[in-house]
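See structure below.
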Amino acid sequence: MLVYGDVEHIESAAAVRASITRMMMACIEMQPSRQRHETLVQAFILTGELVQALADQDFGRKGADDLSELRDAGAKLLLMQAREIMHSWRNAFVGILSFPEDWTAKLESLDSADPVRMKRAEGYAFYALYPESYIEAASISNLTPKTVVIGIRSIGTGLAALVSAALGAEPAYSLRPTGHPFERLVHVTPALSKRILADPETDFAIVDEGPGLSGSSFGCVGDWLQANGVASGRLHFFPSHAGEPGPHASKTHLTRWRDRPRHVVSFDDLTLTAQDPKHRLHAWAADVVGVARSSWRDLSGGAWRTVRYRDPSFWPPSYMQMEKRKFLMAAERGVWHVKFAGLCGSDVDKARRGTLLSEAGFIPRISGTCYGFIIEEWIDGTPLDNSGVIRGDIVDHLGRYLGFRARHLPARNGGASIQKLCEMAIFNVTEAAGSHAAEKLRRAIGTPEQLAGRLRRVDTDNRLHPWEWLTTTTGRIVKVDALDHNAAHDLIGCQDIAWDVAGACVEFELSNKERNRLVGLVGREADCGLRDDVLKFFEVCYLGFQIGLWSQAKASIDGAETARIERTIKRYLDRLLQLIDI
């Protein structure tokens with residue numbers, strides 16, 4: 001299924017360096033605090049993305065990873081930043097930062113005459129992967145400063161520097177696996193190979209997030225090291241979770257993975273049950289809302305349904321692995337929802353957008369942010385799919401909400417092209433219903449390229465499911481998750497508001513009369529026209545995406561959740577087949 005997508009953007013190296021410089025200078029001027037630590041981590045993450053982009057640019061020219069002064073400078077700068085993060089974390093965010101005098105020179109050397117392709121580090125953005133967890137994992141690994149540390153690009157570029165910092169090792173190397181996702185290979189020049197393999201009798205740390213469905217990125221680096229004389233017993237893995245690779249792992253890779261040490265400190269151990277209260281998310285959130293004592297409840301992985309629904313038979317499906325970490329914090333003065341929104345400053349960006357939507361009355365009040373998490377008011381209410389609200393009121397509210405987004409929230413990032421949406425829908429339908437259905441869909445779509453000139457990308461919601469809405473005791477309809485689905489780890493991104501209109505028509509199963517009313521309301525609110533051919537195209541693409549998304553979810557879960565997900569897939573597929581007249 002085609003579901004996932006990388007968040008990439010093209011930048012000039014000079015502009016990125018300027019942003020890093022501003023953050024670093026801000027750190028120097030700030031008083032010791034968690035806020036200073038957050039800024040330091042933002043600078044580190046952005047530096048890692050720049051170093052990765054430049055290394056990949058060099059890799060593209062040469063077809064292999066090689067030695068270069070630029071790569072050496074990037075690795076040294078990341079190690080310097082990683083050491084400061086380690087000292088700040090271990091000192092509970094106090095103490096003086098001691099940047100070496102040549103940090104600006106190292107940063108200025110990270111240059112390119114051509115624009116660079118920046119790639120958002122998925123773990124930092126979506127999966128609550130905190131850099132400090134790799135520092136802690138390395139600290140308890142018993143590895144020595146002689147360890148050779150290899151990061152797997154993309155995110156492994158920076159993660160490896162954190163491991164090197166904690167071990168007291170030399171600057172880390174980075175390698176780019178290529179090829180089929182389940183059969184990755186690395187390509188390394190003789191010069192770089194000679195340096196990495198200078199002492200095959202030492203230990204080697206392989207660092208990345210994951211493993212994913214196959215673990216082939218970790219696996220191929222291990223293959224390369226062993227093929228060049230490194231004993232399997234010298235390999236150590238630093239992943240982001242303690243689990244095994246997925247079902248597409250080769251027997252060789254799975255056997256090695258089980259045999260060799262895996263050094264992991266989980267998010268829970270790092271920030272939920274940490275011995276030092278200053279390292280606990282609970283304490284950070286309590287500080288933001290100004291409470292001294294509060295209870296704490298984990299709502300992640302679909303657990304939020306136990307709060308919103310009395311009867312599990314009414315539970316909506318949950319793609320547990322894709323859900324962001326979220327918690328319920330309660331105190332005498334109120335109740336708050338604490339949800340991961342991403343490092344790199346994206347939590348602050350989403351909070352600003354949330355404030356605008358909140359002031360307009362569409363979402364709960366935003367209370368603040370703390371190191372990657374947004375804190376918002378928790379609202380008691382009944383899920384809209386179980387509330388009995390009059391259909392006309394639902395349609396009217398949808399119209400006002402989507403019209404407001406279209407008028408007041410411009411697109412923040414790119415999104416899939418018309419061609420990519422078409423490709424995704426046809427591919428997913430082929431997988432789900434066979435080639436005959438896919439061919440019917442292809443004919444129904446026609447030539448979507450002609451629609452491109454009629455579209456205007458906005459900050460779409462991208463998740464209009466009824467369980468995403470509440471009805472309060474006063475009858476108010478509230479969207480409870482409205483800030484980041486168009487910047488998720490999927491390929492959709494920001495689209496024309498017609499994408500959300502189509503999604504609302506599908507999710508609320510609107511009649512033709514209700515659909516026409518919604519289209520009219522959004523058009524008036526946003527001062528835009530919504531053409532019927534655009535809506536029809538987006539509807540079949542929306543259905544194709546949802547079929548793919550929930551099919552992926554089904555492959556990752558079992559038990560009662562499987563039945564919920566199967567019913568969801570069937571509903572989307574039945575509607576799609578009806579639309580294309582099968």
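Nothing fancy with the numbering, it's 1 onward along the sequence. None of the values given here were measured: they were computed from a predicted structure.
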Ser216 side chain to His253 side chain, donor-acceptor N/O pair below 3.5 angstrom: no

Partner set under side-chain hydrogen bond (donor to acceptor under 3.5 Å, both in side chains) for Ser88, not counting sequence neighbours: His37

Electrostatic pair Arg176-Asp56, nearest N-O below 4.0 angstrom: yes

Ser139 versus Arg90, side-chain donor and acceptor atoms under 3.5 Å: yes

Lys/Arg-Asp/Glu bridge criterion (N-O < 4.0 Å) met for Arg256, Asp223: yes

Reported CD1-to-CG distance for the pair Ile45 and Leu40, which is rounded to 0.5 angstrom: 10.0 Å

Beyond-backbone contact of Val207 with Ile150, side-chain heavy atoms, under 4.5 angstrom: no

Stepwise side-chain contact (heavy atoms from CB on, under 4.5 Å) test for Leu159 and Tyr124: CA-CA 11 Å; Leu159 296 177; Tyr124 299 141; 3.2 Å; yes

Spatial distance of atom CZ (Phe93) from atom CD (Gln35) [nearest 0.5 Å]: 9.0 Å

Arg71 with Asp58: basic N within carboxylate O range, under 4.0 Å: yes

Worked verdict on Asp484 versus Lys324 for salt bridge (Lys or Arg N to Asp or Glu O under 4.0 Å): CA-CA 10 Å; Asp484 54 12; Lys324 298 243 177 50; 3.3 Å; yes

For Asp203, the option from Arg260, Arg234, Lys146 that meets salt bridge (Lys or Arg N to Asp or Glu O under 4.0 Å): Arg234

SB check Lys119 Glu11 (cutoff 4.0 Å): no

Heavy-atom check, side chain of His241 versus side chain of Tyr127, under 4.5 Å: no

Polar contact flag, side-chain donor to acceptor under 3.5 angstrom, Thr39-Arg34: no

Donor-acceptor contact below 3.5 Å, side chain Asn428 vs main chain Gly544: yes

Within 6.0 Å of CG in Asn142, more than 12 heavy atoms from elsewhere: no

Rounded distance (nearest 0.5 Å) linking atom CG of Asp208 with atom CG of Leu175: 11.0 Å

Considering all heavy atoms, the nearest Lys62-Leu67 contact: NZ-O, 4.0 Å

Gln81 and Trp103: side chain donor to acceptor below 3.5 Å: no

Atom CD1 of Ile96: over 12 foreign heavy atoms under 6.0 Å: no

Audit row: Tyr134, Phe238, ring pair (Phe, Tyr, Trp, His ring centres under 6.0 Å) steps and yes/no: CA-CA 7 Å; Tyr134 281 74; Phe238 284 81; 7.1 Å; no

Heavy-atom side-chain proximity of Pro245 to Ser214 below 4.5 angstrom: no

Note, His87 side chain near Glu84 side chain (heavy atom, < 4.5 Å): yes

Side-chain donor-acceptor pair present, Trp315, Glu561, cut-off under 3.5 Å: no

Check ion pair Asp268-Arg325 (N to O, under 4.0 angstrom): yes

Rounded distance (nearest 0.5 Å) linking atom NE2 of His465 with atom CG of Asp481: 11.0 Å

From Ile374 atom CD1 to His337 atom NE2, the distance as rounded to the nearest 0.5 Å: 10.0 Å

Donor + acceptor pair across side chains of Ser33, Arg36 (<3.5 Å): no

Distance-only donor-acceptor check, side chains Glu431 and Ser551, under 3.5 Å: no

Polar contact flag, side-chain donor to acceptor under 3.5 angstrom, Glu69-Ser109: no

pair Leu2-Phe545: side-chain heavy atoms closer than 4.5 Å: no

Atom NZ of Lys554: over 12 foreign heavy atoms under 6.0 Å: no

Residues which pass ring-ring contact (aromatic ring centres under 6.0 Å, His included) with Phe182, listed by chain and number, not counting sequence neighbours: His180, His248

Residues in side-chain hydrogen bond (donor to acceptor under 3.5 Å, both in side chains) contact with Asp349, at least two apart in sequence or another chain: Arg352

Reported CD-to-OG distance for the pair Glu170 and Ser164, which is rounded to 0.5 angstrom: 8.5 Å

For Leu46 against Ser19, the heavy-atom pair lying closest together: CD2-CB, 3.7 Å

Ion pair check, Asp72 and Arg195, cut-off under 4.0 Å: yes

Working for ring pair (Phe, Tyr, Trp, His ring centres under 6.0 Å), residues Tyr130 and Tyr371: CA-CA 10 Å; Tyr130 277 68; Tyr371 199 10; 5.0 Å; yes

